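Proteins come first, then strands; the chains are lettered A, B, ... in the order of their sequence lines, and each starts at number 1. Bear in mind that the values here come from a model prediction, so they are computed numbers and not experimental data. Side-chain atoms are counted along with the backbone in the values below, which use heavy atoms only and exclude waters and symmetry mates.
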Amino acid sequence: MANIKPSVPKGTRDFSPVEMVKRNYIFDTIKSVFRKFGYQEIQTPCMENLDTLTGKYGDEGDKLIFKILNSGDFWKEAESKKEKVAGLEFNSKTLLPILSEKALRYDLTVPFARYVVMHQNEISLPFRRFQVQPVWRADRPQKGRYREFYQCDADVVGSESLLNEAEFVLLYDEALSKLGLKDFTIKINNRKILSGIAEIIGKPELIVEMTVAIDKLDKIGFDGIVKELLDRGFTDADIEKLKPVILLEGSNEQKLADLKSVLETSVTGLKGIEEIETIFKYVSNLTSQSSALNARVELDITLARGLNYYTGAIFEVKTNEVAMGSIGGGGRYDDLTGMFGLKGLTGAGISFGADRIYDVLEELNLFPASTEETTKVLISNFDADAELYALPVLQQMRTNGIAAELYPSSAKLKKQMSYADNKKIPFVVLIGSDEMNSGELTLKDMRSGDQQKLQLGELIERIKQG
RNA sequence: GUGGUUUUAGCUCAGUUGGUUAGAGCGCCUGAUUGUGGUUCAGGAGGUCGUGGGUUCGAGCCCCAUAUUCCACCCCA
């Protein structure tokens, strides 16, 4: 077999021990907050049937789905199908089902919708679930963008209450604060407001074009948006009507007041405003002087988000401390399960982008120092006799809940010590003939360099103290 | 999918107009120290220069293709 240079696919990464400790710190923190808010964990397969996923993320999204090649001889399959079906012409569309019927999941929300429909008789509504698993997108990698990355989702289905949305704000706030972020913004909008705006300017059919354009305000400015809108079928008169809405400023209350007058003839638009107001009211009643939010909560009507299944509230979270795309997003989707045959079930959810949060914490140096330490104590290995003597000692350590390892060969002490040093192990126990004779073992604190002789019991107590 | 960029030792990077034997720092190994890491000192190992073609007397350097890194656009966590 030829020597193949080892590599991983574009946009994927290995995670080494140090990175895994940090990643688990993020996952554990987010999961603990999910549990605290009453969410239960599930997992779903990494692959779904292709038709479960297609058509849920828009045309752009569909292109980014990783498809899995069918096993077996697909060429033979194709030829036999051509014989059976008269006049079959092969093209990308007719060939696809022969080549692929499974795909890697693109997000956690659609698989969850599928899960809910399949397990509707087992779950009781409202159902609050969280899920922390990788998702895959056939994107071109760049800053904060990977082809394999983890999402941490919390969704609730079967509850219309806007209390859920309000709790998402608190959930984001608590989790990100726990991770050490100081300055972040939870942006909130409502699809109904966007619909109302499209309605007012008389172009309800262009709502998608309108939202993707105004979503770019931060990036390309108002003039850039005007250009995009003109390209996408809007007139100067439309833009004149849109302008005050896009450039809305002031406090959330002011924005809502201004929007109300703009949208006064749109039933849908006013409904959206009312929803936002209800959410804000819930949030203020869920917080108090002593438990104020760290997050800035901001109504941002330019927030659109590409996913076309959102019908109500839309969320997006950004950190203001480093340049990074959104680190979380979510919203309300009224009929996601409808596509799988279960009508009239509403859902709402949010997602944390764990890999981006990792990059942010790394850049801001926010990982706690304790994430570096793994093994607590290394027992040295002088020779065969000492090794035999050390085995029950090792066992005692572990029985006492101390992460311990015995150096597996009687290598030079120098090597054993530098192993401990490299691995940042804070304690080393030395067992030689003196120690075996006296029963007092030598404990070395690697951080100070101090060492003392102790009975095993004392030694364990000492290590437990840290 | 479009445009640009990167790739040289385990890691981070030098390498002049194309010219003998491709360098540094860190890390690794050995010793000073046969029961002691992190500091110091002495020595050592380690490279098909991303890959495949081409131009040339001669290519790490020039040309083409391809992979990869990072970045921007589209879009998105």
Side-chain angles (χ1 to χ4, degrees), chain A residues 2-13 16 26 30 57-65 105-109 132-153 172 208 211-213 215-216 219-220 224 228 231 303-308 315-319 323-330 349-360 378 380-383 386 407 410-436 441-451 453:
Chain A
N3 242 354
I4 290 167
K5 192 177 183 183
S7 64
V8 294
K10 188 199 296 204
T12 67
R13 299 146 306 150
S16 294
I26 294 174
I30 293 173
Y57 309 107
D59 290 342
E60 288 292 332
D62 282 356
K63 284 182 204 157
L64 299 179
I65 295 172
R105 74 165 99 78
Y106 177 91
D107 72 355
L108 300 178
T109 308
V132 175
Q133 287 192 278
V135 302
W136 292 268
R137 294 185 188 176
D139 224 354
R140 196 172 285 207
Q142 57 180 278
K143 186 177 175 65
R145 178 179 293 187
Y146 306 99
R147 300 221 283 188
E148 177 183 63
F149 61 97
Y150 274 69
Q151 288 191 331
C152 312
D153 273 31
Y172 268 135
V208 173
T211 54
V212 298
D215 191 42
K216 294 179 191 167
K219 223 176 214 171
I220 59 177
E228 290 244 350
D231 286 348
L303 171 61
R305 294 182 49 78
L307 296 181
N308 53 13
F315 295 99
E316 183 165 280
V317 188
K318 296 189 98 161
T319 168
M324 176 65 72
S326 63
I327 56 175
I350 52 167
S351 178
F352 290 81
D355 301 77
R356 283 189 179 174
I357 292 172
Y358 183 102
D359 291 346
V360 169
L378 175 78
S380 71
N381 188 332
F382 278 59
D383 51 34
Y407 199 87
S410 55
K412 283 192 181 142
L413 197 55
K414 185 184 170 73
K415 190 170 169 65
Q416 302 190 28
M417 298 298 283
S418 38
Y419 172 82
D421 194 49
N422 255 326
K423 217 170 153 181
K424 295 191 167 70
I425 298 175
F427 294 102
V428 172
V429 173
L430 298 165
I431 304 175
S433 51
D434 291 355
E435 284 83 356
M436 285 188 278
L441 309 182
T442 300
L443 178 69
K444 174 155 182 160
D445 185 323
M446 296 293 280
R447 294 157 298 189
S448 61
D450 298 341
Q451 56 185 60
K453 294 206 167 187

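The separation between A:R13 atom CZ and B:U68 atom C1' is 16 Å, rounded to whole Å. Rounded to a whole Å, the NZ atom of A:K10 is 17 Å from the P atom of B:U6. What separates CG of A:D62 from C1' of B:C74 is a distance of 15 Å, to the nearest Å. In this structure, A:D359 places its CG atom 15 Å from C1' of B:C71, rounding to the nearest Å. A straight line from CD1 of A:I357 to P of B:C76 spans 19 Å, rounded to a whole angstrom. In this structure, the CD atom of A:Q142 is 16 Å from the C1' atom of B:U68, given to the nearest Å. Across the protein-nucleic acid pair, A:D139 atom CG and B:C76 atom P stand 10 Å apart, rounded to whole Å. For the pair A:K143 NZ and B:A77 P, the computed distance is 18 Å after rounding to whole Å.
Nucleotides B:G15 and B:C57 are separated by 23 Å at their C1' atoms, to the nearest Å. Nucleotides B:C76 and B:U12 have their C1' atoms positioned 32 Å apart, rounded to a whole Å. Taking the C1' atoms as reference points, B:C62 lies 10 Å from B:U56, given to the whole Å. One C1' atom belongs to B:A72, the other to B:U6, and the distance between them is 15 Å to the nearest Å. When the P atom is compared between B:C49 and B:U8, the two are found 11 Å apart, to the nearest whole Å. Taking the P atom of each, B:G46 and B:G53 are spaced 27 Å apart, rounded to whole Å. B:G60 sits 12 Å from B:U7 when the C1' atoms are compared, rounded to a whole Å. Nucleotides B:C13 and B:G50 are separated by 15 Å at their P atoms, to the nearest Å.
Mapping A:F149 and A:P9 onto RNA chain B by nearest heavy atom places A:P9 at the nucleotide closer to the 5' end. Nearer to the 5' terminus of RNA chain B, by closest-nucleotide assignment, is the contact made by A:E228 (compared with the other of A:E228 and A:G328).
Within 4.0 Å (heavy atoms only), A:K219 reaches at least one base atom of the nucleic acid. Within the 4.0 angstrom heavy-atom criterion, no nucleotide atom of any strand lies near A:G330. Using a 4.0 Å heavy-atom criterion, one finds that A:G144 contacts the bases of the nucleic acid, with or without backbone contacts as well. Looking at heavy-atom distances under 4.0 Å, A:Y146 makes contact with a base.
Using the six-membered ring where Trp is involved, A:Y419 and A:Y407 have ring planes that are perpendicular, over 60° apart on the 30 and 60° scheme.
Taking the six-membered ring for Trp and the full ring otherwise, A:F352 and A:Y150 have centroids separated by 6.0 Å or more.
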Yes or no on side-chain hydrogen bond (donor to acceptor under 3.5 Å, both in side chains) for A:T442 and A:E435, after CA distance, side-chain angles and deciding distance?
-> CA-CA 7 Å; A:T442 300; A:E435 284 83 356; 2.5 Å; yes
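When the shell of 6.0 Å around NZ of A:K216 is examined, it contains more than 12 heavy atoms from other residues, nucleotides or ligands. Environment of CG in A:D59: sparse, with no more than 12 heavy atoms of neighbouring residues, nucleotides or ligands closer than 6.0 Å.
Considering only residues two or more places apart in sequence or on other chains, A:E60 meets the side-chain contact (heavy atoms from CB on, under 4.5 Å) condition with A:K63.
Side-chain contact annotation: A:T12 with A:E148, donor-acceptor N/O pair under 3.5 Å absent. Under the 3.5 Å distance criterion, with hydrogens and angles disregarded, a donor-acceptor pair is assigned to the side chains of A:D153 and A:S351.
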Per-nucleotide protein contact along nucleotides 30-47 of chain B, 5' to 3', at a 4.0 Å heavy-atom cut-off (B base, S sugar-phosphate only, - neither), is -S---BBBB---------
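Pairing of B:A14, defined by two Watson-Crick or G-U wobble distances under 3.5 Å, is not identified with any nucleotide. Using Watson-Crick or G-U wobble geometry with both donor-acceptor distances under 3.5 Å, B:G37 finds no partner in any strand shown. Using N1 to N3 plus N6-O4 or O6-N4 for Watson-Crick, or N1-O2 and O6-N3 for G-U wobble, each under 3.5 Å, B:A42 pairs with B:U30.
Within the cation-pi definition used here (under 6.0 Å to the ring centroid, within 45° of the axis), A:R447 qualifies as a partner of A:F427.
Judged by distance alone with a 3.5 Å cut-off, no donor-acceptor contact links the side chain of A:R137 to the base of B:C76. Residue A:R140 places no side-chain atom within donor-acceptor reach of the base of B:C76, judged by atom type and a 3.5 Å distance cut-off alone. One N or O donor and one acceptor, one from the side chain of A:R356 and one from the base of B:C76, sit under 3.5 Å apart.
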